[in-house]
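All values below come from the heavy atoms of this structure, side chains included, with hydrogens, waters and symmetry mates left out. All chains are named by letter (A, B, ...) in the order of the sequence lines, taking the proteins before the strands, and each is independently numbered beginning at 1.
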Protein chains: 2
Amino acid sequence: MQKADAADGGPAGATASGHQKRRARTERVVLDTTRELLAGSGFASLTIERVAERSGVAKSTIYRRYRSRNDLALAVLLDMLGDVSTLPYAKDTQTELTRLVNRTVDLMSNSLLGRIMQGLVSEVAADVELARTYRETVVAKRVREVTALVERGTARGELREGLDPELVTDLLLGPIYYRLFLSGEPLDEAFGQSLVAALYPAFAKDPQG
Amino acid sequence: MQKADAADGGPAGATASGHQKRRARTERVVLDTTRELLAGSGFASLTIERVAERSGVAKSTIYRRYRSRNDLALAVLLDMLGDVSTLPYAKDTQTELTRLVNRTVDLMSNSLLGRIMQGLVSEVAADVELARTYRETVVAKRVREVTALVERGTARGELREGLDPELVTDLLLGPIYYRLFLSGEPLDEAFGQSLVAALYPAFAKDPQG
DNA sequence: TAATATTGAAACGCAACGTAGCGTTTTATA
DNA sequence: TATAAAACGCTACGTTGCGTTTCAATATTA
């Protein structure tokens, strides 16, 4: 996206001018309309022209903010991701892992985010700019969460030393996305349970079960 | 795709008629040209019209076989996958796992298949028809391989009982595709090694390391 | 009020889509 | 050899959506 912080009226902490507020209002309308269209007919049939028509915002105005349809869709994704709260601590690491996995599974199967991800993944994989934005925000955020979780678990003596947080992230999330994108196998809580149950021995310091 | 076995001139084992041979010839030209175009400028800029132009095969002829660009790309993918040989047995299960993972990693990073997958994944996730074809061929094939591997390993006493082959497949391949599609982290042999090393304790009967 | 920023409206050229109709070439059959 | 059937080539068409441009209108600020 061209301006990551245009929606909130400028850089964090700055007082928004009237011009910025105006910008933010139209941007909100565009994002909401786009989300509605995505929910209705999916990513494949999302067009800038339709967003313009439905939102009442001129096509040229939309193009002033988003270079492409993908740019716009990614903005919606990031916008929605802002609502996702960070994970609370739990008594033991296995519970924390289960919560992390279950949240992702739930997000991908019971909200718009799953559909958006499905439609956007090819563009993220191909478009360098898009990929950069996605990684710097979403991927980085996930890795940070997992890093904290791993450090906590290691300090507790539950996890083995020297675990690579990046690899752990791959192991936790990869299977979820694999089902979402390719295999089509069910994405439900039972899967989340099995996933963590299967993985925990690989992470645990004392692999008793 | 509309006809999965049109390229080889009919159902396996049947003697090909002249008409079928002719069909097969043009189909081969189309597939080869498409692969070249994919190698050259990627999936995003693949168009039926360009394939027609470059191959000398009329647009209408192409449309008589493939309903869409995605249909055609998937055909190329399946065509290329035909060359991938099945895995040989190895002394121990860990070696077999490493080979399986390394082959996939190599395929996705050092051949056209990676780029095709990147471009096609969104369509596979969205298009029901396409997804069905992909699952019935590629996914099913992988699961079959893993199933055989797991059974062998269990019989050897190396793997724990009751492993779910589908889940094992998710765990082995998910992280690879996650890197290919989203995280952008390197896809190399070192990664394959770490992946199997990290996962093996989760599969092994006696998790000594 | 004057200057500036943001938006709206309309029109444009372009690329590719997917379809249709019809004639041509190749293969099979009588 | 004549004829049918299958596959293919060619051209033209209407449609969609792209992304850009130009200019007028509106809202904010000084």
Quick one: list whatever passes salt bridge (Lys or Arg N to Asp or Glu O under 4.0 Å) with [X], sequence neighbours left out.
{"X": "A:D32", "result": "A:R28, A:R35"}
{"X": "A:E151", "result": "none"}
{"X": "A:R152", "result": "A:E96"}

query = Considering only heavy atoms, which members of residues 41-53 of chain B lie under 4.0 Å from some atom of DNA chain D?
reply = none
Once you round it to whole Å, what is the distance between [atom2] of [N] and [atom1] of [X]?
{"X": "A:Y66", "N": "D:dT20", "atom1": "OH", "atom2": "P", "result": "16 Å"}
{"X": "A:R23", "N": "D:dT29", "atom1": "CZ", "atom2": "P", "result": "14 Å"}
{"X": "B:I62", "N": "C:dA16", "atom1": "CD1", "atom2": "P", "result": "14 Å"}
{"X": "A:L72", "N": "D:dC18", "atom1": "CG", "atom2": "P", "result": "10 Å"}
{"X": "B:Q20", "N": "D:dA5", "atom1": "CD", "atom2": "C1'", "result": "14 Å"}
{"X": "B:Y63", "N": "C:dA16", "atom1": "OH", "atom2": "P", "result": "11 Å"}

Donor-acceptor list for residues 137-145 of chain A side chains, cut-off 3.5 Å, not counting sequence neighbours:
residue : atom : partner : partner atom : Å
A:T137  : OG1  : A:T133  : O            : 2.8
A:T137  : OG1  : A:Y134  : O            : 3.3
A:R142  : NH1  : A:Y177  : OH           : 3.3
A:E145  : OE1  : A:R103  : NH2          : 2.9
A:E145  : OE2  : A:R103  : NH1          : 3.4

inquiry  = Can you pull out every salt bridge (charged side-chain N to carboxylate O under 4.0 Å, His left out) where at least one residue sits in residues 106-125 of chain B? Sequence neighbours excluded, please.
reply    = none
request  = Using side chain to side chain donor-acceptor pair (under 3.5 Å) as the criterion, list what pairs up with B:S194, not counting sequence neighbours.
outcome  = none
key: Those residues that, when tested against A:S122, pass side chain to side chain donor-acceptor pair (under 3.5 Å) (two or more places apart)   = B:S122
task = Say whether, by atom type as modelled, one donor and one acceptor occur between the side chain of B:R65 and the main chain of B:E27 under 3.5 angstrom.
result = no
query = Under 3.5 Å, is there a donor-acceptor pair between the side chain of A:S109 and the main chain of A:V105?
reply = yes
query = Within less than 4.0 Å of OP1 or OP2 of D:dG9, is there a side-chain N or O belonging to B:T61?
reply = yes
query = Does the side chain of B:R69 get closer than 4.0 angstrom to OP1 or OP2 of C:dG18 through an N or O atom?
reply = no
task = Have a look at A:T26 and say if it touches a base, only the backbone sugar-phosphate, or nothing, with a 4.0 Å heavy-atom cut-off.
result = sugar-phosphate
query = Side chain of B:S60: nearest nucleotide among C:dA9, D:dC10, D:dG19?
reply = D:dC10
message = Quick check for you: among D:dC18, C:dT19, D:dG9, whose closest atom lies nearest to any side-chain atom of A:K59?
response = D:dC18
remark   = So side chain to side chain donor-acceptor pair (under 3.5 Å) across residues 179-192 of chain B, not counting sequence neighbours, yields A:D170-B:R179
ask   = How does protein contact run along nucleotides 22-30 of chain C, one letter per nucleotide 5' to 3', with B for base contact, S for sugar-phosphate only, - for none, heavy atoms under 4.0 Å?
value = ---BSBS--
query = By side chain to side chain contact (heavy atoms under 4.5 Å, CB included), which residues pair with B:R50, not counting sequence neighbours?
reply = B:L37, B:S45, B:T47, B:E53
ask   = For the helix from C:dT1-D:dA30 to C:dA30-D:dT1, what is the angle between the axes at its two ends, each from 5 pairs, rounded to 10°?
value = 10°
